[in-house]
Amino acid sequence: MINFPLNTVILESVDSTNSYLKRIIKEDGLTHGMAVMAKSQSAGRGRLGRSWLSNSNTLCMSIAVENKHSSGVTLLAALAVLEGLKSFCGSNLQVKWPNDILAGNKKLCGILCERVDAYTVIGIGVNVNDESFHPEIANKATSMYLLNGKKYDVKEVFEAIKLSFEKVFEKYNFTFTKDAKELYESLCINFGKTVTTDKLRGTAMGIDQSGALVVKTESGLCTVSSGEVAVHGIY
Ligand code: BTN
């Protein structure tokens, strides 16, 4: 189990902060938890094999935590990031399953969790100072600047999220407990809404203790444990 506080590394540039930590883990260089932030990423990666574009307006960071079972860490990570962003953006933030952080129904932050040996690498991309977005994503993305009309020190946001991780992971002992699940459910935008995946369509009813989304379809209750879930009226 890792010790807190996390070791911290700030890089000028890197391919991807997730790839950076994965290399360190593979080279056996990681003995405690580690947090890394990069001022620029040349090959940022998103969920489901997508690329993640980043610039100086974006916070790119990753945290590696040692844990035997990764189950639930993805959702615990969403709780930690949301809590860290609250101090800048207020308490109207929500989670879109599994771990997008939304403000006003638009994506403020994305999280990519990857498993390497006994570690989970949690990569976090926050739209901090972006003044606009590419037309393709403009109707579904937002930034802290667009929300609050002011610019932020990206490193300050990094520090706040890192601290929040330490608190949340220590509080729940790296486990998606019943309390963590209840908190997650109270923040999750999916519930009661029509959701679609490539395999099903129905109403999101809740999540189970493993963190899977429970959906009521015409043929009964189904669980979705990975992949893309579109929420009707959001994205
Ligand atoms: C998503 O698809 O929503 C997840 C995006 C995660 C992006 C972050 S930026 C820092 C870290 N390094 C990466 O290559 N990806 C994650």
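Order of listing sets the numbers, starting from 1, for every ligand and every atom in it.
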For Asn139 and Tyr235, does a side-chain donor sit closer than 3.5 Å to a side-chain acceptor?
no
The test is side chain to side chain donor-acceptor pair (under 3.5 Å); show your working for Thr8 and Lys162 and say whether it passes.
CA-CA 9 Å; Thr8 299; Lys162 191 166 74 81; 3.1 Å; yes
Just need the protein heavy atom nearest to atom 3 (O) of ligand 1, so name the residue and atom and give the distance.
Lys107 NZ, 2.6 Å
Considering both backbone and side-chain atoms of Trp52, is one of its nitrogen or oxygen atoms within less than 3.5 Å of a nitrogen or oxygen in ligand 1?
no
Compare all side-chain heavy atoms of Ile25 with those of Tyr20 and state whether any distance is below 4.5 angstrom.
no
Over all heavy atoms of both residues, which pair between Glu228 and Leu48 is shortest? Give the atoms and the distance, please.
OE1-CD1, 3.3 Å
Nearest to atom 12 (N) of ligand 1, what protein heavy atom do you find, and at what distance?
Gln41 OE1, 2.8 Å
Taking the six-membered ring for Trp and the single ring otherwise, decide whether the centroids of Phe88 and Tyr152 are under 6.0 Å apart.
yes
Protein heavy atom at shortest distance from atom 15 (N) of ligand 1
Arg45 O, 2.7 Å
Just which atoms of ligand 1 are under 4.0 Å from any heavy atom in Gly44?
14 (O)
Nearest-neighbour protein heavy atom for atom 10 (C) of ligand 1, which is reported as residue plus atom name and distance
Thr17 OG1, 3.2 Å
What is the nearest protein non-hydrogen atom to atom 2 (O) of ligand 1, stated with its residue, atom name and distance?
Arg47 N, 2.7 Å
With heavy atoms of Ser62 as the reference, note each atom of ligand 1 found under 4.0 Å away.
11 (C)
For ligand 1, which part of Ile111 has a heavy atom less than 4.0 Å away: the side chain, the backbone, both, or neither?
backbone
Within 6.0 Å of NZ in Lys216, more than 12 heavy atoms from elsewhere:
no
Counting only heavy atoms not in Arg23, do more than 12 fall under 6.0 Å of its CZ?
yes
Using a 4.0 Å heavy-atom cut-off, say whether Leu48 meets ligand 1 through its side chain, its backbone, both or neither.
neither
So the atoms of ligand 1 within less than 4.0 Å of a heavy atom of Asn18 turn out to be 11 (C), 12 (N)
Return yes when Met61 approaches ligand 1 closer than 4.0 angstrom through a heavy atom, no otherwise.
yes
Backbone, side chain, both or neither: what part of Ser54 comes under 4.0 angstrom of ligand 1, heavy atoms only?
neither
Is the shortest side-chain heavy-atom distance between Met144 and Leu85 below 4.5 Å?
yes
Would you mind reporting whether Val154 and Asn129 have side-chain heavy atoms less than 4.5 Å apart?
yes
